[in-house]
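So the structure is just underneath, and the comments pick up after that.
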Amino acid sequence: MANAAGVCELIFFVNGRKIIEKNADPEVTLLPYLRKNLLLTGTKYGCGGGGCGACTVMVSTIHPVSRKILHYSANACLLPICSLHGTAITTVEGIGSTTSRLHPVQERIAKAHGSQCGFCTPGMVMSMYALVRNHREPTMDQIYEALGGNLCRCTGYRPIIDGCKTFCNRADCCQLKENGTSDVNGVSNHTNGVNGLQQASTVNPNQNGLFQEESFLPLDPTQELIFPPELILMDNENKVKLTFQGKCMTWISPASLQELLQLKALYPKAPLVVGNTIVGPEMKFRGVFHPVIIYPTRIGDLHFVNENSQGITIGAACSLTVMKNTLQDAVTRLPEEKTKVFRALLKQLGTLAGPQIRNTASLGGNIISRSTTSDLNPVLAAGGCVLNLVSTDGSRQIPLNESFFRGSENSFLKAEEVLLSVQIPYSRKDDYISALRQAPRHVNALPTVTAGMYVQFEENTDVIKDIRIFYGGVGPTTVCAKDTSKALVTKQWNEVMLSKACTLVLDELSLSPSSPGGMVEFKRTLTVSFLFKFYLEVLQSLNKMDHSSPDSSALNSFQTQLPVYSQTYQDVPADQADYDPVGRPISHQSGIKHSTGEAVYCDDMPAVDGELFLAFVTSSRAHAKIVSIDFSEALAQPGVADIITAADVPGTNECILHDGVVSLLAREQVLCVGQLICAVLADSPSQAKKAAAKVKVTYENLEPIILTIEDAIRNNSFFEPQRQMVHGDIDEAFKSADQVHEGEIFMGGQEHFYMETQSMRVVPKGEDREMDVYISTQDPTGVQEMICTALNVPSNRISCHVKRVGGAFGGKTTKTGFLAAITAVAAHKTMRAVRCVLERGDDMLITGGRHPYLGKYKVGFMNNGQVTAVDVSYYTNAGCTSDDSIMVVEVSLTKMDSAYRLPNLRCKGTACKTNLPSNTAFRGFGYPQVALVTETFMSEVAVKCGLPPEKVREINLHRGITKTHFNQDVDARTLIMCWNECLEKSSYQSRRLAIEEFNKNNYWKKKGMAIIPMKFPIETAAKFFGQASALVHIYKDGTVLVTHGGVEMGQGVHTKIMQIASRELQIPLSYIHFCETSTSTVPNTIVSGGSLGTDVNGMAVKSACQTLMERLEPIKKKNPKGTWKNWVKQAFLQSISLSATGFFRGFERELSWETGEGNPVQYFVFGVACSEVEIDCLTGDHKNLRTDIVVDAGISLNPAVDIGQIEGAFIQGLGLYTMEELKYSPQGLLYTRGPGQYKIPAVCDVPEQFNVSLLADAPNPHAIYSSKAMGEPAFFLGCSVYFAIKDAVAAARKERGMSDLFTLNSPATPEKIRMLCGDRFTDMIPKDVPGTYTPWAVNV
């Protein structure tokens, strides 16, 4: 219904509830509407660009042609609410809750331990829910595809897959579901098993495995929400044009093709939006504005799919999913020779984006965008597809060819024309077409280079009649090698033709060394590598391929097998009490709430009246003087309340760090791109963001601009102190060594990519300068102190509250304090509540990450591989302030020996001062960097000695009771146990022989394997660092409230603490509750980091519980047969305190830098990982085949949590070492500011065989209940994949007669793998001389 102004009411349903929006704003997307308008906060903001899946919902709609009801997953962050008229939306709250009934998807993901921090869980649930709505018993392929658009930073995906595959049909997954439990010497090998405790109730001691599938709720389709009948009635009515008018934008949805054409003639510049996957991100991230948007999705003419004698015609508004299903159906029905183009397109559609994008993005939008990274356009063009265009002047057809991509007159759409449909022709007998691509990640990643190639031969010959070669990724749009194609016509399909084609293509597609996206030599190599692959594919189709030729392996795709996962851990003793949950695989205490969306994160809290929203203005220069700041235009924007500058800070704007002073807000100069200058306050986040963009800062550039470690070394730009450790007689050891080798390796940084961005709310209480701070941080006391300093108020006025953190990994320590202090200043000035939630791009720009490292080493060794001397210097890129960098350097020097005894050692660490955002703490805290350097020189020692690398590693391991290089005892007996068990469980020797045989028979594919040990110290930077406090209340009804200083960020600390309290109080877990971490209940907390959370807070809780049990003991003695509730009630009646504090002093350990000796380590965590990979030497692609991990976890407090931490850390480490790459411009701007540019591991990156074992019978006397910390150690084991890749590359290089000593800088991306596997194609490409051009990106 339209009002007098012609503006319509927007009608749709959410979770069965009818929504009528009378003033729908076209600029508002579904995500903020759900969260702010409907208060449905289960749907999360993760990136805002459709790249992470945290905001996944299910859309149900009626297809405009078939009239069938469709259910599909979609990204709420990309769906304009105006596109939802007549649809039904289902969010995670709509399918089940703890107060009604859990949906089986929610239950299974939670009880299979598929949730840690929980922030990604609602999105995972909804992706899987949409799948089972369409396929009750999905296949494993469908499950992987459904989860392909969702990212998780915590779990490593394995438990999510395990929970989801319980829905799998038996035929596909029988071998996965028949995994039993074997028990050998008290150790259970659990590959499928037991649920944790719903509501943390009682424990069944007879359950085996990590979860018990038999206990799960059955999937009952009759319980699902039905499609609203009212929407069916609405759809049956005569459609009318819909108009929605916002403040700045008009959204028009025509009801017929004729209306659409009239609108396009009236508004020729208005874009047609279907899925909003292109226009949406352009508007959000690039500031593109469109006053009118036309939404043609309701027009049936744009959705028709027709099949005729020429081919298949697909409507331009058809989604990529519809296109995929249409082509798959055709491939199953039609002769193979007719479907060659279809098969090539299906190959691209299998990896293009994630399902949420494919479900909404249209074929027409993909084509019209002419994006250089389009996977479809090169194939559509090579296949000879035709575009059907219409306008008010009539219709016409144009070929999809090079003229279209160039935008040539008459070959591209006129302003008033609309793409109606795309005609995809059948192929013919003598046609051959291939689709090729290489991307940073197998799925849901834009390609580095993509190609479509077609050839047609003269009948019954191999003479080229026609050839078309199109590339994406090597120009501003899809490009055609037109001249090359012309020159190849009439040529025979042979090596001579191939050689000429490569030369011609390289000449025709000339890439500037400064081309956007960089990787220029890699892209050049891919253009000819793809040509070679196409040549071989066609040769094989012509039956002219010599199968004994080494080139035949280039055609072999990576083989996909059903995943096989196992987890092995030690069962609890048979005599352990039934109520005692310690040692059992208890589910995360918030896991169910994660999966229902009921778990409350900081930004889920409802806004109070008058609450303001903060957006930062950041520096656009790396090193500059601030000349002036003009706020006038920003202050004039609607909704703007104020702007906060350094002058508004009532206390101290500067913080004292290790080496100098750091400003909260810049005053006179900026030291990096992304430095905070001021903050804008407004009534909504969008208003604050728009106003922040209007602040005009005038700069005067300063010199020098130092970005890289090499820049810092040249300019002598370092933070002090520089640290050094010396052990043994290094000079004499070098003299007596059989061989001496020198080298260096660079390791890039890493973005934390916690799923929940930096989030905080500051609420003034209105008196005595008191404030409540609700914040996502690892360090509530640190935040409290920074706020107090900035406001000049005492600590007892500021209360910091942390309910849970949606991932942190070290990134929510110091930087969060700065952001919170500025937010508190804003709240103090306005006396209103202020909320600050960083967008993903700003978060990545501002907060820094893991330190890049450069290691320069000299190693002396004997011919048997025994290392006798090491001299190594580490340089780390600290950024513009020291932050935690000095501590990272210090701790990394104590960890650099990794698992090896290095008898004579000199190591030096230097933090480089550069004009980048300061890097900070990150999981592993320096160990992943320095240990990689150590493993690198160990592998090179093996090469120099002609020995297998595992032999060199084994001979140098710590054994028995030895000493570190800082003279602390190491009991390494369990290290050797882990090593031997991993060798045995991985079948290392037999698989090594099989790999060698594979490599002999495959020139273009190589496998590699590596086994890597780990010795991770659990240590404290100072004696006070290990202290902890706790507060335990027993209420009159017998329930218990536990509070401690640890922060729950996915590592399961609250779950383990509740297990400890349950054991100590001898009560069921269901009696125990944890509310929040708060500085008003437990003061002076220590940052939750260093894997110490359970170790220290658990001891404090244990102490408090023991105090309470001592008080109850006389009552229990008088009434030994009484119940817990009886005893508690009696204690109250006797005026016995039922509240107790607990305190743990810490470990009393530290290191002296004056002597280079000490005992900072409480204990060591040992582990070993063996990984196998396969690489494609032509593209640099790799596949993770198998990983076996054995870790000494002591006596695990919770095997499910510990194994989850190991797997999650390993996958995060795999990301660091093989794919995650931060790219900065030569001016210091971070390019990679979201999941579109920065790729973390996805579900496709989990090894197909993934086996994790906790070492049995290995109690640890130095921590609570003989356990060990598991949060950080296994991260480093991800480098086993890196060294497996290096092993495969070495095999390729050896076969090609290249040096077996080479440098593979981390991460081992496809670019580095491909360029190190030298061959005739890498030899033929033009090489760019460094220094003769300005690169697109620099290695910092």
| request: Check whether the side chains of Asp1181 and Thr1179 place a donor and an acceptor atom closer than 3.5 Å, and report yes or no. | output: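 Result is no, nothing qualifies.
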| query | For Gln492 and Asp462, does a side-chain donor sit closer than 3.5 Å to a side-chain acceptor? | reply |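 Their side chains do contain a donor-acceptor pair, which is all the 3.5 Å distance test asks for.
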| task | Show your working on ring pair (Phe, Tyr, Trp, His ring centres under 6.0 Å) between Phe1250 and Phe1210 and close with a plain yes or no. | result | CA-CA 11 Å; Phe1250 197 12; Phe1210 173 84; 5.5 Å; yes
[X] versus [Y]: any side-chain heavy-atom pair under 4.5 Å?
| X | Y | answer |
| --- | --- | --- |
| Leu1222 | Tyr1238 | yes |
| Thr936 | Lys1286 | yes |
| Glu935 | Tyr1282 | no |
| Leu932 | Phe1283 | yes |
| Ile1175 | Cys1317 | yes |
| Pro1326 | Arg524 | yes |
| Leu1185 | Phe558 | no |
| Ile469 | Ser485 | yes |

| query | In a check of side chain to side chain donor-acceptor pair (under 3.5 Å) between Gln750 and each of Glu1221, Gln929, Arg850, which one passes? | reply |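 Of all the options given, the one that passes is Arg850.
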Measure from NZ or CZ of [X] to the centre of the six-membered ring of [Y], then state whether that distance is under 6.0 Å and the direction lies within 45° of the axis.
| X | Y | result |
| --- | --- | --- |
| Arg370 | Phe405 | no |
| Arg437 | Phe530 | no |
| Lys1007 | Phe998 | yes |

Using modelled atom types and a 3.5 Å cut-off, is there a donor and acceptor pairing between side-chain atoms of [X] and backbone atoms of [Y]?
| X | Y | result |
| --- | --- | --- |
| Thr477 | Thr372 | no |
| Ser427 | Asp431 | no |
| Asn877 | Val1340 | yes |
| Tyr454 | Asp466 | no |
| Lys491 | Ala487 | yes |
| Lys1239 | Asn444 | yes |
| Thr876 | Pro852 | yes |
| Lys1327 | Ile1325 | yes |

| said: Does anything in residues 1291-1301 form a side-chain hydrogen bond (donor to acceptor under 3.5 Å, both in side chains)? List the pairs, not counting sequence neighbours. | reply: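 Listed by first then second residue: Lys1006-Glu1295.
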| task | Could you go through the side-chain contact (heavy atoms from CB on, under 4.5 Å) check for Val455 and Val538 one step at a time? | result | CA-CA 8 Å; Val455 66; Val538 174; 4.0 Å; yes
| Check against side-chain contact (heavy atoms from CB on, under 4.5 Å), Thr450 and Thr373 | CA-CA 7 Å; Thr450 184; Thr373 53; over 6 Å; no
| Charged N-O contact under 4.0 Å between Lys486 and Asp483 |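 Looking at Asp483 together with Lys486, the answer is no, because their closest N to O distance does not fall below 4.0 Å.
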| task | Before giving the answer on side-chain contact (heavy atoms from CB on, under 4.5 Å), spell out for Met453 and Phe470 the whole-Å C-alpha distance, their side-chain angles and the decisive distance to 0.1 Å. | result | CA-CA 6 Å; Met453 300 183 186; Phe470 287 85; over 6 Å; no
| field | Evaluation steps, side chain to side chain donor-acceptor pair (under 3.5 Å), between Thr708 and Asp711 | value | CA-CA 5 Å; Thr708 70; Asp711 291 343; 3.2 Å; yes
| task | In sequence, state the C-alpha distance, the side-chain angles, and the governing distance for Ser434 and Glu537, and then conclude on side chain to side chain donor-acceptor pair (under 3.5 Å). | result | CA-CA 8 Å; Ser434 288; Glu537 287 178 9; 2.2 Å; yes
| query | Would Glu744 and Tyr857 count as a side chain to side chain donor-acceptor pair (under 3.5 Å) if you check the C-alpha gap in whole Å, the side-chain angles of each, and the deciding distance to 0.1 Å? | reply | CA-CA 6 Å; Glu744 66 177 54; Tyr857 50 87; over 6 Å; no
| said: Using side chain to side chain donor-acceptor pair (under 3.5 Å), reason through Ser529 and Arg1314 one step at a time and then give a plain yes or no. | reply: CA-CA 10 Å; Ser529 296; Arg1314 176 65 187 97; 3.2 Å; yes
| request: Decide side-chain contact (heavy atoms from CB on, under 4.5 Å) for Ile709 and Tyr853; before the verdict, give the C-alpha distance in whole Å, the side-chain angles of both, and the deciding distance to 0.1 Å. | output: CA-CA 8 Å; Ile709 291 173; Tyr853 258 68; 5.8 Å; no
| Sequence-distant partners of Phe532, ring pair (Phe, Tyr, Trp, His ring centres under 6.0 Å), two or more places apart |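 Expected list: Trp1004, Phe1321.
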| Would you say the ring centroid of Tyr432 lies under 6.0 angstrom from that of Trp493? |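 When the ring centroids of Tyr432 and Trp493 are compared, they turn out to be at least 6.0 Å apart.
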| task | Dump the intermediate steps for salt bridge (Lys or Arg N to Asp or Glu O under 4.0 Å) on Lys1005 and Glu1174, then the final yes or no. | result | CA-CA 7 Å; Lys1005 297 286 191 303; Glu1174 183 178 343; 5.8 Å; no
